[in-house]
Amino acid sequence: MDEVIISKAITESYLKDLLDSMEVDVAIAGAGPSGMVAGYYLAKSNVKAVIFERKLSVGGGMWGGGIMFNRIVVQGEAKEILDELGISTKQYQKGYYVADAVETVSTLCSRCVKAGTKIFNLLSVEDVMIRENDRITGLVLNWSAVSLANLHIDPLAIKAKLVIDATGHDAEICRIVARKTGAGVEVRGEKSMWAEVGEKEIVENTRQVCPGLLVSGMAANAVFGSPRMGAVFGGMLLSGRKAAELAIDLLKKAK
Ligand code: 48F
């Protein structure tokens, strides 16, 4: 084996994919459950999408289930998504299904990537690009290691027709937009746990918050001041699917 050939293979292959991802239809910030479900459904509809994930691992808050008991609960409607992805579930009581968090994250990630949405880990979204009429037109990226090492290094940017904020509880992209534009985005902050209401409202809260920016998953509840819901994950999956459907619709209308 030749180390230089190995190094060239990695570098060329990575850069080819990164270059290919510099102009996309949809750029997703965060590879948690809602971001990866959105990525899966977008790719399934032949939309060019890419996900940027800050951490080494994808899956966000799903690996740990509830207090590190690595099981998740979903309701009937969301079970259909797990069925479609080939993820096993067991009915616990009527309307409550349990799935293994490790199987769910790994299968979801695999289905998302194999459908065609690339995931870049270790890259943080640190800003957005904003053009006329406060339209979000892309993401500003830097290596997560840069902020960890407290280095002053300028970022790179990619263009996207639409951006999805799937960054979870902190709704990081919406917070940046709220701070830096007059686009009228306000992050109200999530409320205390109420699974029933949180699960219902997360789907309603999944929408376009300003031109070019959609919000999905827990970020949607953070933006609109809805409750958190703990280790029930159905709403995350349904929200990711809705974000993809909304994006597909907006892209069609823009043609
Ligand atoms: O937090 P996360 O899993 O968000 P989600 O898809 O799902 C929420 C649930 O896991 C759980 C819950 C269930 O009731 O409440 O918390 O809404 O995944 C968000 C991902 O985004 C990444 C973060 O590392 C995580 O993997 N992320 C956050 N900020 C950035 C980011 C950023 N600025 N750039 C890139 N990735």
Side-chain angles (χ1 to χ4, degrees), residues 27-40 50-75 78 81 99 101 104-105 108-109 112 119-128 138-148 155-158 160 163-177 179 187 189-203 205-206 213-224 226-244:
I28 302 168
S34 77
M36 289 197 290
V37 167
Y40 166 74
V50 60
I51 303 181
F52 297 101
E53 165 56 49
R54 163 188 289 162
K55 292 194 176 159
L56 181 57
S57 63
V58 300
M62 205 183 229
W63 293 105
I67 63 156
M68 297 198 268
F69 296 169
N70 64 358
R71 301 289 181 276
I72 59 161
V73 169
V74 301
Q75 56 280 63
I81 296 179
T104 308
V105 174
L108 174 54
C109 176
C112 171
I119 302 178
F120 291 90
N121 58 346
L122 299 167
L123 271 171
S124 294
V125 179
E126 63 167 52
D127 203 349
V128 293
L139 295 177
V140 176
L141 307 166
N142 215 330
W143 297 113
S144 305
V146 166
S147 59
L148 282 173
L156 293 176
I158 63 127
V163 163
I164 299 177
D165 181 350
T167 60
H169 295 262
D170 292 332
E172 290 199 19
I173 312 310
C174 291
R175 279 187 202 277
I176 292 168
V177 172
R179 209 171 59 237
V187 181
E190 70 185 34
K191 298 282 184 303
S192 292
M193 195 185 291
W194 188 352
E196 175 96 31
V197 175
E199 286 290 285
K200 184 174 155 286
E201 292 188 357
I202 196 169
V203 179
N205 292 338
T206 303
L213 175 63
L214 291 90
V215 64
S216 79
M218 205 52 221
N221 277 11
V223 168
F224 293 104
S226 292
R228 64 189 302 191
M229 57 290 263
V232 57
F233 279 78
M236 298 303 146
L237 310 177
L238 295 167
S239 169
R241 186 174 69 185
K242 184 176 170 194

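No hydrogens, no waters, no symmetry mates; every other heavy atom, side chains included, goes into these values. Predicted model, so just to flag it, every value in this text is computed and none were measured. One-based numbering, in listed order, for ligands and for the atoms of each. Starting from 1, each residue takes its place in the sequence as its number.
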When only distance counts, is V125 in polar contact with ligand 1, meaning an N/O pair under 3.5 Å?
yes
Out of all atoms in ligand 1, which are within 4.0 Å of some heavy atom of G217? Include the element for each.
17 (O)
Of all protein heavy atoms, the one nearest atom 21 (O) of ligand 1 is G30 CA, 3.2 Å
When you look for heavy atoms under 4.0 Å from ligand 1, do you find them on the side chain of P33, its backbone, both, or neither?
both
Which pair of non-hydrogen atoms, one from V215 and one from A220, has the smallest distance, and what is that distance?
CG2-N, 3.5 Å
min-distance protein heavy atom vs atom 22 (C) of ligand 1 -> E53 OE1, 3.3 Å
Using a plain distance cutoff, I'd like to know if R54 has any nitrogen or oxygen under 3.5 Å from a nitrogen or oxygen of ligand 1.
yes
Give me the nearest non-hydrogen protein atom to atom 30 (C) of ligand 1 as residue plus atom name, then the distance to 0.1 Å.
T167 CG2, 3.7 Å
Taking the side chain as every heavy atom from C-beta outward, state whether N221 and M229 have any pair of such atoms under 4.5 Å apart.
yes
Is there a side-chain contact between R175 and D165 (heavy atoms, below 4.5 Å)?
no
Under 4.0 Å from one or more heavy atoms of A166, ligand 1 contributes atoms 19 (C), 20 (C), 21 (O)
Should the heavy atoms of other residues, nucleotides or ligands under 6.0 Å from CH2 of W194 be counted, would the total exceed 12?
no
Can you see which heavy atom on L213 is nearest to which on C174, and at what distance?
CD2-SG, 4.1 Å
Just by distance, with hydrogens left out, do S144 and S124 show a side-chain donor and acceptor under 3.5 Å apart?
yes
Taking distance alone, with N or O pairs closer than 3.5 Å, would you say M218 contacts ligand 1?
yes
For the atom pair CZ (F52) and CD (E126), what is the distance rounded to the nearest 0.5 Å?
13.0 Å
Any side-chain heavy-atom pair from C112 and I51 closer than 4.5 angstrom?
yes
Numbered atoms and elements of ligand 1 in range of M229, under 4.0 angstrom, heavy atoms
14 (O)
Can you name the atoms of ligand 1, numbered from 1 with element, that are less than 4.0 Å from a heavy atom of K55?
24 (O)
What atoms of ligand 1 come within less than 4.0 Å of a heavy atom belonging to F52?
35 (C), 36 (N)
Between ligand 1 and S216, is the shortest N or O to N or O distance under 3.5 Å?
no
Is there a donor-acceptor pair under 3.5 Å between the side chain of E53 and the backbone N or O of A31?
yes
Atom indices of ligand 1 within 4.0 angstrom of F233 heavy atoms, with elements:
9 (C), 10 (O), 11 (C), 13 (C)
G230: numbered ligand 1 atoms lying under 4.0 Å from its heavy atoms:
13 (C), 14 (O)
heavy-atom search around atom 6 (O) of ligand 1 in the protein gives S34 N, 3.0 Å
Which ligand 1 atoms are under 4.0 Å away from a heavy-atom of G32?
3 (O), 6 (O), 18 (O), 20 (C)
Ligand 1 versus V232: contacting region, heavy-atom distance under 4.0 Å
backbone
Among all the protein's non-hydrogen atoms, which is closest to atom 16 (O) of ligand 1, and how far away is it?
H169 NE2, 2.9 Å
Once you restrict to heavy atoms under 4.0 Å, what part of M236 touches ligand 1? Side chain, backbone, both or neither.
side chain
Report the part of E172 (side chain from C-beta onward, or backbone N, CA, C, O) that has a heavy atom under 4.0 Å from ligand 1; answer both or neither where that applies.
side chain
For atom 4 (O) of ligand 1, what's the nearest protein heavy-atom neighbour? Residue, atom name and distance, please.
G168 CA, 3.4 Å
Side-chain contact, heavy-atom cut-off 4.5 Å: I81 with L238?
yes
Any idea which protein heavy atom is nearest atom 2 (P) of ligand 1, and the distance to it?
G61 N, 3.8 Å
Closest heavy-atom pair, G59 versus P33, reported as atoms and distance to 0.1 Å, is O-CD, 3.5 Å
Do you see a donor-acceptor pair shorter than 3.5 Å between the side chains of S226 and E201?
yes
For the residue pair L56 and L122, establish whether any side-chain heavy-atom pair is separated by less than 4.5 Å.
yes
How about I72 and M62: do any of their side-chain heavy atoms sit closer than 4.5 Å?
yes
